[in-house]
Amino acid sequence: MAYPGYGAPPRGGHPGGHGGFPGQQQDPMYGYFSAVAGQDGQISADELQRCLTQTGIAGSYKPFSLETCRLMISMLDRDRSGTMGFNEFKELFQVLNSWKQLFMSIDRDCSGTVEGHEMQHAIATLGYHLSPQALNCIMTRYSTQGRIAFDDFISCCIKLRSLTSAFQMRDTSRQGNATFKYDDFIQVTMST
C-alpha cells in the first residue's frame with residue numbers, strides 16, 4: 001500500500017537479522033557468506049564486495065562499488081554495527097535479486113544501463129510516487145550522459161528504500177509530512 005506523497009513500505013524484511021538459525025550451514029548462501037565472514041560471523045563492506053563478486057549476482061554488469069556495498073549494509077544494519085550478519089545477507093540477496101530482475105526487465109535494449117523513462121517506470125514499479133523534479137534529481141545524481149548503470153541503479157534503490165523507511169517512521173499520520181530535528185536529519189541522510 002502506497003502512502004500519499006511517497007512510496008510503498010519496504011517489502012519483506014526480517015526482524016533482527018543477526019545470529020544464525022538451525023541448519024544455516026546447509027543453506028547454499030552460507031558458503032558464500034562464511035567464506036568472507038570474520039570470527040564474529042559478520043561481514044564488512046569490503047568483505048561484502050568480495051562476496052558479491054564471487055557470487056556473480058551482478059552478472060555481466062560491473063561489480064558493485066565499495067560505496068554501494070556500504071549502502072547495502074546500512075540499509076539492513078539495524079544495530080548500526082557497520083557490518084552484516086548472515087540473516088541480513090540473505091535478506092540483501094533476495095532484495096538484490098528482485099532489483100536485478102526489475103533492471104533487466106526495463107533495460108530492453110540490453111545496454112546494461114537504463115534511461116530516464118525506464119528509470120521512471122522502475123521507480124513506479126517499486127511503488128514510489130515521485131514528482132518530475134525528484135526524478136530529475138535522481139537522474140542528475142545517478143546517471144552518466146543520461147544513462148544509469150546497474151551499480152548506480154542499485155544505489156538509488158537502496159537510497160529510496162532507506163530514506164522512505166526513515167520518513168515513514170516519522171510520518172505518524174501517514175499524510176506525507178514528517179518533522180525532523182537537524183541532528184536526526186543528518187543521521188538519516190548520512191547513514192543512507
Task: Heavy-atom pair with the smallest gap, counting every atom of Asp27 and Met29 - done: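 It is OD1-N, 2.8 Å.
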Open item on the list: Looking at every heavy atom in both Ala45 and Cys69, which two are closest together, and how far apart are they?
Closed with: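 Minimum heavy-atom contact is O-CB, 3.6 Å.
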Spatial distance of atom [atom1] ([X]) from atom [atom2] ([Y]) [nearest 0.5 Å]:
| X | Y | atom1 | atom2 | answer |
| --- | --- | --- | --- | --- |
| Trp99 | Gln94 | CH2 | CD | 12.0 Å |
| Leu48 | Leu71 | CG | CG | 11.0 Å |
| Ile154 | Met75 | CD1 | CE | 9.0 Å |
| Phe153 | Tyr61 | CZ | OH | 9.5 Å |
| Asp109 | Ile106 | CG | CD1 | 10.5 Å |
| Tyr182 | Gln187 | OH | CD | 11.5 Å |

Would you tell me whether [X] and [Y] have side-chain atoms, one donor and one acceptor, within less than 3.5 Å of each other?
| X | Y | result |
| --- | --- | --- |
| Thr68 | Ser65 | yes |
| Asn177 | Ser173 | no |
| Ser44 | Thr83 | no |
| Asn97 | Gln101 | no |

Task: Side-chain donor/acceptor of Thr53 to backbone N/O of Gln49, under 3.5 Å - done: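 Yes.
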Open item on the list: Tell me whether Ser105 contacts the main-chain N or O of Leu102 through its side chain, where contact means a donor paired with an acceptor under 3.5 Å.
Closed with: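 It does hold such a pair.
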Open item on the list: If you count heavy atoms of other groups shown closer than 6.0 angstrom to CZ of Phe180, is the number above 12?
Closed with: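 Enclosed.
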- [ ] Show the numbers, then the answer: is there a salt bridge (Lys or Arg N to Asp or Glu O under 4.0 Å) between Arg70 and Glu47?
- [x] CA-CA 10 Å; Arg70 286 185 187 117; Glu47 291 168 332; over 6 Å; no
Task: Stepwise side-chain contact (heavy atoms from CB on, under 4.5 Å) test for Met119 and Tyr142 - done: CA-CA 10 Å; Met119 190 64 181; Tyr142 291 100; over 6 Å; no
Task: Ser143 and its side chain to side chain contact (heavy atoms under 4.5 Å, CB included) partner, picked from Arg147, Met139, Gln145 - done: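 Among Arg147, Met139, Gln145, the one that satisfies the side chain to side chain contact (heavy atoms under 4.5 Å, CB included) with Ser143 is Met139.
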TODO: Determine, for Glu67 against Lys159, whether the closest basic-nitrogen to carboxylate-oxygen distance falls under 4.0 angstrom.
DONE: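 No, Glu67 and Lys159 are not salt-bridged.
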TODO: Tell me, with the steps shown, if Phe150 and Asp107 meet side-chain contact (heavy atoms from CB on, under 4.5 Å).
DONE: CA-CA 10 Å; Phe150 181 62; Asp107 179 23; over 6 Å; no
Open item on the list: Are Tyr30 and Phe89 an aromatic pair, judged by ring center distance below 6.0 Å?
Closed with: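 Ring centres of Tyr30 and Phe89 not closer than 6.0 Å.
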- [ ] Take Arg170 and Asp184, measure what salt bridge (Lys or Arg N to Asp or Glu O under 4.0 Å) needs, and give me the verdict at the end.
- [x] CA-CA 10 Å; Arg170 290 155 183 85; Asp184 187 33; 2.6 Å; yes
